[in-house]
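So the structure is just underneath, and the comments pick up after that.
Keep in mind that this is a model prediction, so the values were computed, not measured.
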Amino acid sequence: IQGYSMRGQFKQEHYKDFITDLQAKAKKCERFFTLLDGNDQATFQQRYLWNELQKCAALTSTNVTDISPLVYSMRRTKDQFEIALIHNAVQITHMAHETVAGMIEAGKKEHEVVASAEYVFMHVAGVQAAFPSVVATGKNATMLHYTGRMHELKNNELVVVDIGAEYCGYAADLSRTYPVSGMFTKRQRELYDIVLETQLYIESIAAIGMYLRNEQYPEQSLHHLAVAFLRKKKYDKYFCHGIGHFLGLDVHDVGDHNVPLKEGDAITIEPGIYIPEENIGIRIEDDYIIVQDGAACLSHEVPKQADEIEMLMNKLH
């Protein structure tokens, strides 16, 4: 078996021998293995590269095997060493959240809060962010993956902070929602507690045999059960994303949602309520490993009760 790696954009003359080799192997009906999952954006470059190679090598009939299901299943299940790496990423992200909680106050800009989190990642811990850090205040918090970062924090508004460190290639992903003034208003606390109740409920039922998200089995789908829970509270229409995702070598890691959760899966649980007309966005997100008797939270030490958030902010200020 031979393995090759090359850029999606390439000049044929640079790979003349390789292309000749491909043609020879195709004539011998040798098998080619590659990632060709058409439903996964992460394999776009791989699919593009293969299409270009087929064109320039004049490959018309080749034996191609899509190995993405095999690779995805191998990446989904984490061993103890991988879990330890994710936990280290979580601990660094915990430090960053504590720093952020001490930075948040009226008059600060979103990008200043981002800088404080990434200072911990890069300068203190010597790692990088696993994804572009999100710090969104006021109405910006109702937009998923907001990265504008130029707005000023104002009293009586909330700030969603969605950050994660990458440690030895493995990602963490933790979201917390902070009140700029250090205290939640009555309305903010009401909504915050509903989001937290939703997360704790899903955490309690996440287990081997459940699905992260599966349309065919809604009674076993954590996402559908979260929506049903929020529907009872009359806030399901304000929950506009999935309940979670797989975690690992990428922050939104690969994994087949049609395959039930199994021991060793790393996932997030991240309910939210987003009400643009009230300038309120709330998300609470933690990282979990599926174990024999349920789901173990890797980020349980990061404060998330409303009282804990307020105490932490007041202590740091």
Side-chain angles (χ1 to χ4, degrees), residues 35 40-45 71-72 74-101 103 110-136 140-141 143-149 159-178 199 212 241-255 257 264-272 281 283-290 295-304:
L35 301 176
D40 185 6
Q41 291 182 346
T43 63
F44 171 79
Q45 185 173 349
V71 172
Y72 293 177
M74 293 172 67
R75 280 178 59 167
R76 239 186 79 165
T77 303
K78 308 298 189 295
D79 60 26
Q80 290 301 313
F81 179 71
E82 292 176 295
I83 293 171
L85 295 178
I86 296 173
H87 188 240
N88 284 341
V90 167
Q91 289 180 311
I92 295 168
T93 309
H94 181 185
M95 285 194 298
H97 265 289
E98 285 198 338
T99 300
V100 162
M103 272 285 297
E110 291 165 331
H111 64 80
E112 293 181 86
V113 181
V114 170
S116 69
E118 297 192 352
Y119 174 85
V120 174
F121 293 159
M122 292 183 280
H123 184 75
V124 177
V127 301
Q128 62 184 8
F131 56 92
S133 300
V134 175
V135 173
N140 296 337
M143 294 181 277
L144 296 182
H145 305 131
Y146 164 83
T147 55
R149 301 176 176 175
V159 184
V160 170
V161 178
D162 185 352
I163 56 176
E166 180 184 296
Y167 182 83
C168 293
Y170 285 81
D173 189 6
L174 303 177
S175 297
R176 291 292 184 267
T177 303
Y178 300 97
Q199 191 199 45
L212 197 52
H241 56 75
I243 191 58
H245 53 79
F246 294 111
L247 186 71
L249 289 170
D250 199 352
V251 66
H252 284 249
D253 210 7
V254 295
H257 286 240
D265 282 346
I267 65 170
T268 66
I269 298 178
E270 49 177 303
R283 180 162 64 256
I284 304 172
E285 177 182 21
D286 285 281
D287 300 340
Y288 299 82
I289 297 292
I290 300 299
C297 184
L298 298 178
S299 46
H300 64 91
E301 295 177 337
V302 186
K304 64 181 175 182

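- The structure places CD of Gln199 at 7.0 Å from SG of Cys297, a figure rounded to the nearest 0.5 Å.
- Of the possible polar contacts, one joining the His245 side chain to the Val251 backbone as a donor-acceptor pair under 3.5 Å is found.
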In a table with atom names and distances, give each donor-acceptor pair under 3.5 Å that connects a side chain of residues 120-136 to protein atoms at least two apart or in another chain.
residue	atom	partner	partner atom	Å
His123	NE2	Tyr119	OH	3.4
Gln128	NE2	Glu166	OE2	3.1
Ser133	OG	Glu118	OE2	2.8

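- Residue pairs satisfying the side-chain hydrogen bond (donor to acceptor under 3.5 Å, both in side chains) criterion with at least one member in residues 75-84, sequence neighbours excluded, are listed as follows: Arg75-Asp253, Arg76-Asp265, Glu82-Tyr170.
- To the nearest 0.5 Å, the span separating NE2 on His97 from OG on Ser116 amounts to 10.5 Å.
- For Ala172, the side chain to side chain contact (heavy atoms under 4.5 Å, CB included) criterion is met by Ala89, Val90, Thr93, Asp287, not counting sequence neighbours.
- Within the 4.5 Å cutoff, no side-chain heavy atoms of Ile269 are placed close to those of Asp286.
- Scanning both residues, Ile163 and Ala96, for their nearest heavy atoms gives CD1-CB, 3.7 Å.
- The minimum heavy-atom distance between Pro303 and His94, with the atom names listed, is CD-NE2, 4.1 Å.
- With sequence neighbours excluded, no residue forms a side chain to side chain donor-acceptor pair (under 3.5 Å) with Gln91.
- Residue Ile83 holds its CD1 atom at 4.5 Å from CD1 of Ile289, rounded to the nearest 0.5 Å.
- Every residue two or more places apart in sequence or in another chain that forms a side chain to side chain contact (heavy atoms under 4.5 Å, CB included) with Ser175 is listed here: Asp162, Arg283, Glu285.
- By the 4.5 Å heavy-atom criterion applied to side chains, Tyr178 and Met103 are not counted as neighbours.
- Put simply, the side chain of Arg176 gets close to the backbone of Val302: a donor and an acceptor are under 3.5 Å apart.
- Rounding to the nearest 0.5 Å places CD1 of Ile86 at 8.0 Å from CG of Leu249.
- Note that CG of Asn140 and OG1 of Thr147 are 10.5 Å apart. Values are rounded to the nearest 0.5 Å.
- Residues satisfying the salt bridge (Lys or Arg N to Asp or Glu O under 4.0 Å) test with Arg149, not counting sequence neighbours, are none.
- When ring centroids are compared, Tyr167 and His87 stay outside the 6.0 Å threshold.
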